[in-house]
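Notes for the one structure printed next.
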Amino acid sequence: MTTLHIIYFAALCDATGREEETLKTEAETAKALFHELTEKYCWPFSEANILVAINDRYRPVDTSLQEGDRVVFIPPVSGG
Amino acid sequence: MTTLHIIYFAALCDATGREEETLKTEAETAKALFHELTEKYCWPFSEANILVAINDRYRPVDTSLQEGDRVVFIPPVSGG
Amino acid sequence: MLFQLTNRPIEPLVESLHSHAGGIVIFEGRVRAINDDRAVSSLEYVAYPELALHEGHAIINNVLQQFDILEAYAIHRTGHLAIGDIAVWVMSAAVHRKEAFAATECIINAIKARVPIWKKEYYSDGEAIWVRCDHCAHDHAPCPAVKESM
Amino acid sequence: MLFQLTNRPIEPLVESLHSHAGGIVIFEGRVRAINDDRAVSSLEYVAYPELALHEGHAIINNVLQQFDILEAYAIHRTGHLAIGDIAVWVMSAAVHRKEAFAATECIINAIKARVPIWKKEYYSDGEAIWVRCDHCAHDHAPCPAVKESM
């Protein structure tokens, strides 16, 4: 089990009903965590449309999660 | 013979030594007038590099000249 | 007047630039009153600041390396914006204009593609939605800075 | 700072624009300290005003017809200019940015190609010459407004 700090922005914040949470999980990768959270919160995004940031940097979705990581799933951006 | 009003700008003004003049000429086209003036003032431009404006509009070099026309030969522009 | 001549100074937007800068290209992205045929009343931009600043700096640094330009900057609004407000401002300065046009367009394309900022549109009918995909982000040839580091 | 986020307004250069304008592209041509490897001390622009205004208006009107833009303006300095001064300023506003980039670049290319304005460069060594051909005028694909009416 790893303990992670997860932050939610924009549509994922609305869908989750919270801005952040600390979570214990058995998910070993960001991708596994995404599927766990999608099931838990009924997120309206497929994996293909989501990027992941770990400790404030974009990382591949198959990146292994480490104790204490700060994880942010990034829905399609719409700045500019 | 037609009487024309000719105005000189930039390098052609320097080469001619005046800003404008009224001239009687037997030149029937702007092109013929250009060659007449090139010979008279030793202009440093070939016909290929010069455009002509008659009465403040670009015109083809073979345009016929009419009594009282205002003629400007346009050396290569360099605005911007 | 569509075109003017003037013998008085034209006030610069950016006061002090490299003395070799001959071509400066500025992009302003403003809040439009209409999007996808819906009347927009206002916008909200939310950023993930730690990553947005990292990505924004990386974009500008990439463009400074990959184009023959002297300077480049960008700034993006967050919070609530009204119609006509500037959401994003980008500037590139080069010796010659061609590179400045290319660099500024690359920077705004890259910002729209990879900087984590999200737009919520508030419509005149009372609805508000997070915009899932801006039209403009996908109809351009990719430039080097768009894909870098993602 | 190369990239900033801000929750305060970004001051617009052009105050009032069409409410559908989402992408505004501005070009500033400034006087460079160096041209063709020579140190320039100042510049003088001379225009043939009657024809310059006619051609300038025709360029803007052509671009308004040929690109999907909402507004466009240009202004060109005459007289004596110092290093860093803005010689020419061009703006296009469109719903989407791609058209604004294309229109602004077309306008400046056309101004450089056909508006009767001439530049005299004054060099640090005391010489002054009428610039016969600016580098930038010929290294671009022609756009519709460049050739029109010449």
Side-chain angles (χ1 to χ4, degrees), chain B residues 3-23 29-31 33-35 37-38 40-80, chain D residues 27-32 35-36 43-59 74-78 81 86-90 104-105 107-121 128-138 140 146-150:
Chain B
T3 302
L4 305 170
H5 187 61
I6 316 195
I7 306 172
Y8 303 108
F9 286 101
L12 284 185
C13 179
D14 289 0
T16 310
R18 62 184 75 192
E19 294 187 353
E20 54 189 301
E21 66 182 319
T22 298
L23 197 85
T29 64
K31 180 173 172 168
L33 177 64
F34 175 75
H35 289 292
L37 294 172
T38 292
K40 181 173 176 185
Y41 295 118
C42 298
W43 281 351
F45 293 100
S46 75
E47 185 194 319
N49 293 320
I50 295 285
L51 297 173
V52 66
I54 301 174
N55 301 327
D56 302 332
R57 297 293 179 265
Y58 283 120
R59 296 293 177 214
V61 290
D62 57 1
T63 301
S64 295
L65 298 171
Q66 309 296 322
E67 181 71 18
D69 275 350
R70 174 180 159 103
V71 181
V72 183
F73 293 102
I74 311 278
V77 302
S78 51
Chain D
F27 174 76
E28 288 180 6
R30 297 203 189 193
V31 179
R32 282 181 282 124
N35 192 21
D36 278 344
L43 284 191
E44 185 184 352
Y45 281 102
V46 167
Y48 170 11
E50 296 85 351
L51 181 58
L53 290 172
H54 174 79
E55 292 295 313
H57 283 107
I59 287 166
I75 186 163
H76 200 296
R77 277 289 300 276
T78 57
L81 279 72
I86 297 178
V88 58
W89 186 95
V90 179
T104 296
E105 193 164 14
I107 292 167
I108 181 61
N109 289 351
I111 287 172
K112 284 179 163 269
R114 68 185 246 211
V115 175
I117 297 176
W118 297 273
K119 173 165 66 176
K120 191 172 202 168
E121 284 185 341
I129 60 168
W130 291 102
V131 175
R132 287 195 57 153
C133 169
D134 189 60
H135 280 195
C136 305
H138 302 299
H140 293 269
V146 171
K147 287 292 174 189
E148 193 74 26
S149 101
M150 286 184 71

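Order of the sequence lines sets the chain letters (A, B, ...), proteins ahead of strands, with each chain counted from 1. The analysis underlying the following values was restricted to heavy atoms, covering all of them including side chains, and did not include hydrogens, waters or symmetry mates. The model shown is predicted, which means the values in this text are computed figures rather than measured ones.
Of all the heavy atoms in V77(B) and R114(D), the pair that sits closest is CG2-N, 4.2 Å. The nearest pair of heavy atoms linking S78(B) to K119(D) is OG-N, 2.8 Å. Across all their heavy atoms, D56(B) and L51(D) have their closest contact at O-CD1, 3.3 Å.
For the pair V72(B) and E50(D), the minimum side-chain heavy-atom distance is 4.5 Å or more. A 4.5 Å side-chain heavy-atom check between E55(D) and Y58(B) finds at least one atom pair inside the cut-off.
Within the 4.5 angstrom heavy-atom criterion, no atom of A52(D) approaches chain B. Only the side chain of V46(D) has a heavy atom closer than 4.5 Å to any heavy atom of chain B.
Residue E67(B) places its CD atom among more than 12 non-hydrogen atoms of other residues, nucleotides or ligands, all under 6.0 Å distant. With a 6.0 Å radius and a threshold of 12 heavy atoms from other residues, nucleotides or ligands, K31(B) has its NZ atom at or below the threshold.
In this structure, Y48(D) contributes its side chain and I7(B) its backbone to no donor-acceptor pair below 3.5 Å. Formation of a donor-acceptor pair under 3.5 Å by the W130(D) side chain with backbone atoms of P75(B) is not found in this model. In this structure a side-chain-to-backbone donor-acceptor pair under 3.5 Å is present from Y45(D) to G80(B).
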